[in-house]
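In the text below, chain A, chain B and the rest are named by the order of the sequence lines, each starting its count at 1. FYI, side chains are in, hydrogens and waters are out, and symmetry mates aren't considered; it's all heavy atoms of this structure.
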There are 2 protein chains.
Amino acid sequence: MPVTTGKRADAQRNVTAILDAAAACLVRDPDASVSDIAAAARVGRVTLYGHFASRTELVDAVFVRAVARAHEALDAVDLTGDARQALARLIASSWQVVDESRMLLVAAQRTLPPERIRELHEHPMRRVRSLLERGRAAGVFRFDLPADWLVAVFYTVLHGAADEIGAGRLAPEGAADAITATLLAAFTPPGAPVPG
Amino acid sequence: MPVTTGKRADAQRNVTAILDAAAACLVRDPDASVSDIAAAARVGRVTLYGHFASRTELVDAVFVRAVARAHEALDAVDLTGDARQALARLIASSWQVVDESRMLLVAAQRTLPPERIRELHEHPMRRVRSLLERGRAAGVFRFDLPADWLVAVFYTVLHGAADEIGAGRLAPEGAADAITATLLAAFTPPGAPVPG
DNA sequence: GCTAACTCGAACAGAGGTGTTCGACAAGAG
DNA sequence: CTCTTGTCGAACACCTCTGTTCGAGTTAGC
């Protein structure tokens, strides 16, 4: 985690160039080497090591930035009102984020320890969790399964959709609708009709 | 793909020992080296290369064997009668298989080309697909989403459950029930009540 | 324009992996 | 019992990647 403040202007520019290049490379190949990343950033390998002590630290920084950006984008989503509609809105904004950064997650999983991955996923998960609990209180989401599990289902289905799109078996246009229909049904309390 | 027939007895024994050891090692570490696997199999590295031309070929063989065994185990499941109950039975038998071999899948994904992974997943997928279509015809499963997508949801949720168990957030005892409740709801046609 | 911060290429050391060759040795098949 | 098949350890060549060092050159800041 390089300190961008107090550094010279070109140094700061290089840091962001490296982060951009790393993100691009890691998406293409989760095992991209430091040489590849430095070359893509049009920067010497030595310069890269001047800003990031190790490859692991670089991957961590890329992942942290991606999570922060996703958090920022998702904060704009209105989660008030009917919980089911709010869930639909959250999905519509989330799935593209997941689709874009899923290869980055793969790269992170290969280099960062599992606790770190989980640690960085905590904040985004809280958003889903609180929405889930609000919907439960309103009687539109099920109570018979653990909240942890339902949150996991949310993310699992989103990632699964991204994989299906990547494999060409799901059209990106229809993805949001399919995910929404699936998750709304999965969250519906037993006995209640599935919304359609 | 070493030919086990026509080989000497000890050679055949070694091949299975290598496959067993490889499976065990790859589950522990998806990047396990050939040296590790050979040592675990109590076999010289040269002997291993005598049976498998490359590490990739070995991983492929391990994966093929795991898939075949899973196929065999799942063939014992009765998929006749009510489609929802059949789905429940299939889940009960499937999730443990998935849980055991998910690390193997990770290892395969790191070394085998994506087409190969997909190719080997085709047969198991057919089973789910035909059950899905039977349930659709009977009116108990939804028609408003692509069959491909629903099959993908099936596998995604199973793998997600395995991950949750691995992370200690889901009790293995309750897993089958949670998966079944989730998937039955996800497969329920819009307007129909969620079974419980 | 002077200085400190930064960059760069080349080269280094070290680790760890793959796949091969060699020669001596053991074990199954007939 | 013989002979083919298989096994074994050690060593080899080769590769790729990481992280570091050096000295010379460049750029921003004031």
Side-chain angles (χ1 to χ4, degrees), chain A residues 1-22 24-63 106-113 116, chain B residues 1-22 24-26 28-63 106-113:
Chain A
M1 39 192 144
V3 186
T4 47
T5 61
K7 290 207 169 187
R8 233 172 58 180
D10 58 343
Q12 295 183 29
R13 256 183 293 134
N14 277 336
V15 168
T16 69
I18 290 170
L19 287 173
D20 290 342
C25 289
L26 291 173
V27 161
R28 270 192 356 204
D29 173 19
D31 290 318
S33 72
V34 175
S35 308
D36 295 339
I37 295 172
R42 301 172 147 284
V43 153
R45 210 160 51 94
V46 186
T47 302
L48 194 153
Y49 276 109
H51 292 294
F52 302 91
S54 68
R55 187 182 181 278
T56 301
E57 195 172 290
L58 171 58
V59 173
D60 191 278
V62 172
F63 193 59
V106 171
Q109 283 172 335
R110 291 197 193 185
T111 44
L112 269 37
R116 181 66 176 149
Chain B
M1 36 192 147
V3 186
T4 47
T5 61
K7 289 207 170 188
R8 232 173 55 183
D10 59 342
Q12 296 183 30
R13 257 184 289 137
N14 277 337
V15 168
T16 69
I18 290 169
L19 287 174
D20 290 343
C25 288
L26 291 173
R28 272 193 356 206
D29 173 18
D31 291 318
S33 73
V34 175
S35 309
D36 295 339
I37 294 171
R42 299 170 147 286
V43 152
R45 210 161 50 94
V46 186
T47 302
L48 194 154
Y49 277 109
H51 292 294
F52 303 91
S54 68
R55 186 183 182 280
T56 302
E57 194 172 292
L58 172 58
V59 172
D60 191 279
V62 172
F63 194 60
V106 171
Q109 283 170 335
R110 291 198 191 184
T111 43
L112 269 35

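- The side chain to side chain donor-acceptor pair (under 3.5 Å) check on Arg116(A) picks up Asp60(A), Glu119(A), with sequence neighbours excluded.
- Using a 4.0 Å cut-off, no side-chain N or O of Arg13(B) falls inside it from OP1 or OP2 of dG6(D).
- You'll find that the side chain of Arg45(B) is closest to dA11(D), out of dT18(D), dT7(D), dA11(D).
- Among Arg8(A), Lys7(A), Arg13(A), the single residue meeting the salt bridge (charged side-chain N to carboxylate O under 4.0 Å, His left out) criterion with Asp10(A) is Arg8(A).
- Whole-Å rounding puts the Lys7(B) NZ to dG6(D) C1' distance at 9 Å.
- Between the two ends of the helix from dG1(C)-dC30(D) to dG30(C)-dC1(D), each summarised by a five-pair axis, the helix axis turns through 30° (rounded to 10 degrees).
- Backbone-only engagement by Arg55(B) is indicated by non-hydrogen atom pairs under 4.0 Å involving sugar-phosphate atoms exclusively.
- If Ser54(B) and Val43(A) are placed on DNA chain C by their nearest nucleotide, the residue sitting closer to the 5' end is Val43(A).
- To the nearest angstrom, P of dG17(C) lies 15 Å from CG of Leu48(B).
- Regarding Phe52(A), its CZ atom lies at a distance of 13 Å from the P atom of dG19(D), rounded to whole Å.
- At whole-Å resolution of the value, CZ in Arg42(A) and P in dC6(C) are 22 Å apart.
- Considering only heavy atoms from C-beta on, Val34(B) comes within 4.5 Å of Tyr49(B) through its side chain.
- Within the structure, salt bridge (Lys or Arg N to Asp or Glu O under 4.0 Å) contacts touching residues 28-42 of chain A (residues at least two apart or in different chains) are Asp31(A)-Arg110(A).
- In this model, the phosphate group of dT7(D) is approached by a side-chain N or O of Asn14(B) to a distance below 4.0 Å at OP1 or OP2.
- Val34(A) comes within 4.0 angstrom of sugar-phosphate atoms only, judged by non-hydrogen atoms across all strands, and of no base.
- When all heavy atoms of Ala41(A) and Ile18(A) are compared, the pair lying nearest together is CB-CA, 3.8 Å.
- Atom CG of Asp31(B) and atom P of dG17(C) are 10 Å apart (whole Å).
- Separating the CG atom of Asp10(A) from the P atom of dT27(D) is a distance of 9 Å, rounded to the nearest angstrom.
- Looking at every heavy atom in both residues, Val59(B) comes nearest to Ala108(B) through CG1-CA, 4.1 Å.
- Spacing between atom CG of Asp29(B) and atom C1' of dG17(C) amounts to 13 Å, rounded to whole angstrom units.
- Counting to the nearest Å, the C1' atom of dT7(C) and the CD atom of Gln12(A) are 16 Å from each other.
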Could you walk me through whether Leu19(B) and Phe52(B) pass side chain to side chain contact (heavy atoms under 4.5 Å, CB included), step by step?
-> CA-CA 10 Å; Leu19(B) 287 174; Phe52(B) 303 91; 3.9 Å; yes
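- Where Tyr49(B) and Val46(B) each meet DNA chain C at their nearest nucleotide, the meeting point lying more 5' is that of Tyr49(B).
- Here His51(A) reaches the OP1 or OP2 of dT7(C): one of its side-chain N or O atoms lies under 4.0 Å away.
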